[in-house]
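Worksheet for the structure shown next.
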Amino acid sequence: MKWIDMISKTAIPIIMLALGMQLANVVASKIDWASVGFASFVKLIVAPLLAYLICLAFPINPLLRNIIVIMTAMPSAANTTIYAIQYNAEPDYVSACTFVSTILSFISLTFLLNLVV
């Protein structure tokens, strides 16, 4: 189990390395920035609002509701880039979405955390 534990600890750094390598190959002029912006808007603004509205429909503890809303407001995971590379499903676009949503999440999460605290 010690070896499996050691290997599992390398997963996130390897994913970040793959994301960085993919971003280095992205040609900015070939990316549809309007759709990247829309995807980031949906991920960072619409999804938390939708999660909040769904949570209101159920008798959920307010702390749990806040956790659910904040979790849905997190930026896109780097794992999606790995899947996009593996299955050749527009990895440049997915990498750009991950990058933009991560940068914009500094603003959206700050605002959201100030609302729920």
With a 3.5 Å cut-off and sequence neighbours excluded, list the donor-acceptor pairs that the side chains of residues 87-96 form with protein atoms.
{"residue": "Asp92", "atom": "OD1", "partner": "Gln22", "partner atom": "NE2", "Å": "2.5"}
{"residue": "Tyr93", "atom": "OH", "partner": "Ser35", "partner atom": "O", "Å": "3.4"}
{"residue": "Ser95", "atom": "OG", "partner": "Pro91", "partner atom": "O", "Å": "2.8"}

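A chain of hydrophobic side-chain contacts below 4.5 Å, direct or via other Ile, Leu, Val, Met, Phe, Trp or Tyr residues, connects Val36 to Leu19. A chain of hydrophobic side-chain contacts below 4.5 Å, direct or via other Ile, Leu, Val, Met, Phe, Trp or Tyr residues, connects Leu56 to Leu112. Note on Leu104: it clusters hydrophobically with Phe99, by side-chain heavy-atom contacts below 4.5 Å among ILVMFWY residues. When hydrophobic clusters are built by joining Ile, Leu, Val, Met, Phe, Trp and Tyr residues whose side-chain heavy atoms come closer than 4.5 Å, directly or via intermediates, Leu113 is grouped together with Met74. One hydrophobic cluster, built from ILVMFWY side chains closer than 4.5 Å, cannot hold both Ile82 and Ile14; they sit in different ones.
Shown here are the side chain to side chain contact (heavy atoms under 4.5 Å, CB included) partners of Leu115, two or more places apart in sequence or in another chain: Phe111. Listed by chain and number, the residues in a side chain to side chain contact (heavy atoms under 4.5 Å, CB included) with Met21 are Leu17 (sequence neighbours excluded).
Rounding to the nearest 0.5 angstrom, the gap separating the CD atom in Gln86 from the OH atom in Tyr83 is 10.0 Å. Atom OH of residue Tyr52 and atom CG of residue Asn66 lie 8.5 Å apart, to the nearest 0.5 angstrom. The CG atom of Leu44 sits 9.5 Å away from the CD1 atom of Ile107 when rounded to the nearest 0.5 Å.
Taking all atoms of both residues into account, the shortest heavy-atom contact from Ser8 to Asp5 is OG-O, 2.8 Å. Residue Ile68 comes nearest to Ala51 through the heavy atom pair CG2-CB, 4.3 Å, listed as atom of the first residue, atom of the second, then distance. Between Thr10 and Ile7 the shortest heavy-atom distance is OG1-O, 2.6 Å. A pairwise comparison of heavy atoms in Ala18 and Ile85 identifies O-CD1, 4.4 Å as the closest pair. In plain terms, the two heavy atoms of Thr72 and Val69 that are nearest each other are OG1-O, 2.7 Å. Between Ala78 and Ile15, the closest heavy-atom pair is CB-CG2, 3.4 Å.
Within the 4.5 Å cutoff, the side chain of Arg65 has no heavy atoms near those of the Val116 side chain.
Counting heavy atoms of neighbouring residues, nucleotides and ligands inside a 6.0 Å radius, atom CE of Met71 does not exceed 12 of them.
Side-chain N or O atoms of Ser101 include one that pairs as donor or acceptor with a backbone N or O of Ser76 at under 3.5 Å. In this structure a side-chain-to-backbone donor-acceptor pair under 3.5 Å is missing from Ser40 to Gly37.
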